[in-house]
Amino acid sequence: MVAGGASRQASVAAALAAVPAEFGIVLVHDAARALTPPELVEAVADAVRGGHGAVIPVLAVVDTIKQVDNSGVVVGTVDRSVLRAVQTPQGFRRDVLTSAHAAAVDDHTDDAGMAEKIGVPVHTVPGSEAAMKITRPFDLAVAELLF
Ligand SMILES: C[C@](O)(CO)[C@H](O)COP(=O)(O)O
């Protein structure tokens with residue numbers, strides 16, 4: 001158990017520093033994705049073992065996505081066919097994740113974003129709807145029904 005930091009990124013960095021040296025692969029997971037199936041964890045770990053330095057589970061975006069300005073007026077419609085909703089666990093070769101965190105200057109909402117910044121290709125595997133992030137009261141109600 002490691003004390004969290006002031007941000008997601010700081011918490012992951014603190015945890016990473018505490019991972020024993022013998023582990024060459026690190027998976028970062030959101031506790032909020034409490035219903036994540038073990039098969040998804042295995043799929044991510046397998047892809048890292050298979051040679052990918054950074055691996056994330058993704059789902060297609062099913063809603064139409066609009067860009068909106070500060071006054072709430074639509075600026076444009078984003079092509080959803082090129083978008084993916086990203087989940088955890090995100091898996092990394094340990095050296096990749098360590099380098100990504102060491103190089104990070106901005107705040108990132110996921111660890112793969114830091115790997116992207118240092119030029120590491122981020123491989124995707126199919127995500128799982130069960131790995132939903134329990135963020136809002138409605139999500140919790142759904143999770144309670146599913147559990
Ligand atoms: C990592 C993540 O779950 C990918 O969707 C998400 O970015 C986490 O966001 P949070 O604001 O830290 O819950």
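Residue numbers start at 1 and run along the sequence shown. For ligands, and for the atoms within them, numbers begin at 1 and follow the listed sequence.
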(message) Just to confirm my output: which protein heavy-atom neighbour is closest to atom 11 (O) of ligand 1, and how far is it?
(response) Lys133 NZ, 4.1 Å

(request) Would you mind running through ligand 1 and noting each atom that sits below 4.0 Å from a heavy atom of Asp110? (result) 1 (C)

(request) Specify the protein heavy atom at minimum distance from atom 4 (C) of ligand 1: its residue, its atom name, and the distance to 0.1 Å. (result) Val86 O, 3.2 Å

(message) Could you identify the single nearest non-hydrogen protein atom to atom 6 (C) of ligand 1 and state the distance to 0.1 Å?
(response) Thr109 O, 3.7 Å

(message) Within ligand 1, which atoms have a heavy atom of Arg33 less than 4.0 Å away?
(response) 2 (C), 3 (O), 4 (C), 5 (O)

(request) State, with a plain yes or no, whether a side-chain heavy atom of Pro89 is found less than 4.5 Å away from one of Thr36. (result) yes

(request) Starting from atom 1 (C) of ligand 1, locate the nearest protein heavy atom and write down its residue, its atom name and how far away it is, to 0.1 Å. (result) Arg8 NH2, 3.3 Å

(request) Might you work through the side-chain contact (heavy atoms from CB on, under 4.5 Å) test for Arg49 and Ile25, ending with a clear yes or no? (result) CA-CA 8 Å; Arg49 283 188 208 109; Ile25 292 176; 3.5 Å; yes

(message) With a 4.0 Å cut-off on N to O distance, would you call Arg8 and Asp30 a salt bridge?
(response) yes

(message) So Leu16 and Val26, do their side chains get closer than 4.5 Å, heavy atoms only?
(response) yes

(message) Would Gln90 count as being in polar contact with ligand 1, using the rule that some N or O on each side must be under 3.5 angstrom apart?
(response) no

(request) Would you mind listing which atoms of ligand 1 come within a distance below 4.0 Å of any non-hydrogen atom of Thr88? (result) 1 (C), 3 (O)

(message) Show, in sequence, the C-alpha distance, side-chain angles and deciding distance for Thr64 and Arg80, and conclude whether the side-chain contact (heavy atoms from CB on, under 4.5 Å) test is met.
(response) CA-CA 7 Å; Thr64 294; Arg80 71 180 181 186; 3.9 Å; yes

(message) Show the nearest heavy-atom pair for residues Leu40 and Gly127, with the distance to one decimal.
(response) CD1-CA, 4.0 Å

(request) Work out which heavy atom in Val125 is nearest to a heavy atom in Ala43; give both atom names and the distance. (result) CG1-O, 4.4 Å

(message) Tell me the protein heavy atom at minimum distance from atom 3 (O) of ligand 1, and give that distance in Å.
(response) Asp30 OD2, 2.4 Å

